[in-house]
Amino acid sequence: MTSAVSFFTPISRAAGPPDGDNPNVSLLFPWLALERQVVICGLAEKVSTAETLAYFLTRPRGSQLGAWVSAQSSVITTRSLLEQKWRK
């Protein structure tokens with residue numbers, strides 16, 4: 001895959017890869033120093049497991065552990081529940 005921008009997100013998330021009906025995506029962020037906005041538009045596609053793993057291994061160890069123990073972007077009832085998963 002050739003890409004200029006890659007985002008890695010859990011497939012189970014609502015913001016994850018498209019279901020095929022509409023692969024169009026866009027990103028907008030401010031460039032405050034220039035008083036401008038940057039817009040990136042394109043098509044989303046799932047990357048290979050190898051590419052995902054290569055990216056994951058570049059993350060700091062604490063970030064990797066946090067991704068493993070938390071259900072990304074989901075509400076947890078208490079902090080102690082998350083800490084309990086971390087200890088396991």
Side-chain angles (χ1 to χ4, degrees):
M1 176 179 105
T2 302
S3 66
V5 178
S6 293
F7 292 94
F8 295 88
T9 182
I11 292 173
S12 60
R13 272 193 40 199
D19 61 7
D21 289 342
N22 184 1
N24 297 297
V25 295
S26 63
L27 166 72
L28 182 141
F29 60 92
W31 192 338
L32 300 176
L34 297 180
E35 297 181 357
R36 297 287 188 263
Q37 294 179 346
V38 176
V39 180
I40 301 171
C41 299
L43 300 174
E45 60 184 47
K46 187 175 177 182
V47 297
S48 70
T49 301
E51 188 174 350
T52 301
L53 181 58
Y55 158 73
F56 190 76
L57 294 175
T58 67
R59 294 173 65 172
R61 182 69 174 157
S63 177
Q64 292 176 3
L65 294 172
W68 283 328
V69 299
S70 69
Q72 303 287 303
S73 298
S74 66
V75 177
I76 58 171
T77 54
T78 64
R79 180 180 177 96
S80 62
L81 182 63
L82 185 62
E83 290 172 344
Q84 181 181 9
K85 286 184 176 183
W86 178 274
R87 286 189 292 273
K88 288 181 182 180

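The figures that follow rest on heavy atoms only: side chains count, while hydrogens, waters and symmetry mates do not. If you're wondering where the values come from, they're calculated on a predicted model, not measured in any experiment. Nothing fancy with the numbering, it's 1 onward along the sequence.
Closest approach of Q64 and R59 over heavy atoms only: NE2-O, 3.2 Å.
The distance from the CD atom of Q84 to the OG1 atom of T78 is 8.5 Å, given to the nearest 0.5 Å.
Applying the 6.0 Å contact sphere to CD of E35 captures no more than 12 heavy atoms from other residues, nucleotides or ligands.
With contacts defined as side-chain heavy-atom distances shorter than 4.5 Å, the pair V47/Y55 does not qualify. Contact of the L43 side chain with the V25 side chain is not registered, since no non-hydrogen atoms from C-beta on lie closer than 4.5 Å.
Hydrophobic clustering, with ILVMFWY side chains joined whenever heavy atoms are under 4.5 angstrom apart, groups F29 together with L34.
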